[in-house]
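I have placed the structure first, in the form of structure tokens, so that the comments after it can refer back to it.
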2 protein chains.
Amino acid sequence: MKLMSTAFDLDAFLPYRLSVASNLVSRLFARRYAEEFGLTIAEWRVIAVLGADGTATASAVRARTGMDKAKVSRAVAGLEARGLIRHVAHRGDRRLDPLALSAAGRRILDAIVPRARALETELFAALPPGTREAMETALRAIADRATVMGAGPGDGPD
Amino acid sequence: MKLMSTAFDLDAFLPYRLSVASNLVSRLFARRYAEEFGLTIAEWRVIAVLGADGTATASAVRARTGMDKAKVSRAVAGLEARGLIRHVAHRGDRRLDPLALSAAGRRILDAIVPRARALETELFAALPPGTREAMETALRAIADRATVMGAGPGDGPD
DNA sequence: GGAAGATGGTTTCAGATGAAACTAATGTCA
DNA sequence: TGACATTAGTTTCATCTGAAACCATCTTCC
């Protein structure tokens with residue numbers, strides 16, 4: 001009589017399911033981005049932010065994506081090395097280093113976006129309609145909640 | 001006229017939202033497990049599997065959790081060092097190394113489960129009822145789909 | 001029986017990661 | 001003005017990670 005002292009079903013534990021799904025999806029996207037465009041996920045995120053906002057500093061990227069600043073810094077260095085971004089001198093506060101996409105960067109963005117959208121669609125194709133939207137709001141709420149509960153983006157006020 | 005050549009809203013991109021939420025949640029749980037029990041997430045997962053299945057080999061854990069075998073191996077080593085698991089000699093096939101929780105291991109499991117459940121509840125408290133269950137099935141489907149689409153658990157048939 | 005191959009697990013190695021230290025430029029306020 | 005605290009961003013360091021190499025033990029099949 002193997003006592004199941006505490007019946008606990010890992011499979012039904014949401015933080016676990018979340019992590020498993022997220023890791024698989026991340027891996028999938030990381031591979032595609034790397035194969036097709038030679039980009040890491042962090043780099044792609046920076047490009048996406050710059051594409052949306054036109055111009056952004058490293059901290060702005062950090063605030064929007066939740067990546068820690070070391071990661072952003074490295075991604076930016078990588079993009080710069082490949083000439084995909086340019087620096088927009090900020091007269092006034094010389095600590096700031098506003099970035100923008102270069103022409104080559106914009107071309108890459110234009111090439112990736114349709115691919116990313118296609119992958120996303122393919123991923124959710126099988127799910128009942130509305131699931132995507134529901135997940136989106138739920139995930140946003142969960143992220144907020146986790147932050148409140150102390151999952152500080154590892155970075156904190158220095 | 002700053003041309004938004006490709007309007008793309010990263011915030012609404014689900015793989016991104018998934019990753020952000022998952023990372024925050026993982027970080028939150030990792031901290032709690034570490035603080036309160038001195039366990040890594042990988043170790044906790046091994047414990048959970050052993051708790052549920054009674055006995056399991058490293059590959060069984062790998063199959064159930066999707067962790068790669070190196071990770072499982074390290075987690076097992078850690079647990080063993082702390083006397084939380086024991087080896088169940090398998091006469092027959094000496095490559096196999098079935099594991100089970102030791103008494104101390106079971107005590108830890110009994111202590112963690114309520115904490116894990118409480119954290120999970122706290123995390124989803126604010127969400128509309130039913131969300132948790134919906135997310136669970138959706139995440140499972142997404143994970144399956146990602147696997148099919150080529151997010152192989154990094155490990156493959158060696 | 002025994003070569004060739006599969007399988008379970010551990011270890012090595014190179015690259016990624018986050019936390020903390022550090023540099024540089026501003027702000028604050030006495 | 002000039003200490004002292006803040007903020008932006010980079011770099012260092014110790015750790016973690018996954019892929020591949022590796023070892024040991026079975027299986028297959030001639």
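Protein chains get the first letters and strands the later ones, always in sequence-line order, with residue 1 at the start of each.
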Among C/dG8, C/dA19, D/dG9, the one nearest A/Ala70 by side-chain distance: C/dA19
Any residue of residues 13-21 of chain B with a heavy atom less than 4.0 Å from an atom of DNA chain C: none
For B/Thr131, all residues meeting side chain to side chain contact (heavy atoms under 4.5 Å, CB included), sequence neighbours excluded: A/Ala138, B/Leu127, B/Pro128, B/Met135
For atom CD1 of B/Ile85 and atom C1' of C/dG9, their distance in whole Å: 13 Å
Interatomic distance, A/Asp97 CG vs C/dT23 P [rounded to whole Å]: 19 Å
Any donor-acceptor N/O pair, B/Thr147 side chain to B/Ala143 backbone, under 3.5 Å: yes
d(NZ, B/Lys71; P, D/dT15) in whole Å: 18 Å
DNA chain C contacts among residues 73-84 of chain B, heavy-atom distance under 4.0 Å: B/Ser73, B/Arg74
With A/Leu79, the side-chain contact (heavy atoms from CB on, under 4.5 Å) member among A/Leu50, A/Ile108, A/Val46: A/Val46
d(NZ, B/Lys69; P, D/dC23) in whole Å: 14 Å
Atom pair distance, as rounded to whole Å: CD1 in B/Ile41 and C1' in D/dC16: 13 Å
Contact nearer the 5' end of DNA chain C, comparing B/His87 with A/Gly92: B/His87
Residue pair B/Gly51 / B/Leu109: nearest heavy atoms and the distance that separates them: CA-CD2, 3.7 Å
Nearest-Å distance for atom pair CG/P, residues A/Asp68 and C/dA21: 16 Å
Inter-residue atom distance A/Phe13.CZ - B/Trp44.CH2, 0.5 Å rounding: 6.0 Å
Integer-rounded Å distance: C/dT10 C1' and B/Arg62 CZ: 15 Å
Nearest listed nucleotide, side chain of A/Arg95, among C/dG9, C/dA25, D/dG18: C/dA25
Closest-nucleotide ordering on DNA chain D, the 5'-leading residue of A/Ala58 and B/Thr40: A/Ala58
side-chain contact (heavy atoms from CB on, under 4.5 Å) partner of B/Leu39, the single match among B/Glu43, B/Glu36, B/Glu35: B/Glu43
Separation of D/dA8 C1' from A/Arg94 CZ (nearest whole Å): 14 Å
Nucleotide nearest B/Asp93 when distance is taken to its side chain, options D/dG9, D/dT25, D/dA19: D/dT25
Residue list, side chain to side chain contact (heavy atoms under 4.5 Å, CB included) with A/Ala77, at least two apart or on another chain: none
Salt bridge (charged side-chain N to carboxylate O under 4.0 Å, His left out) pairs, two or more places apart, involving residues 72-81 of chain A: none
Residue list, side chain to side chain donor-acceptor pair (under 3.5 Å) with A/Glu133, at least two apart or on another chain: none
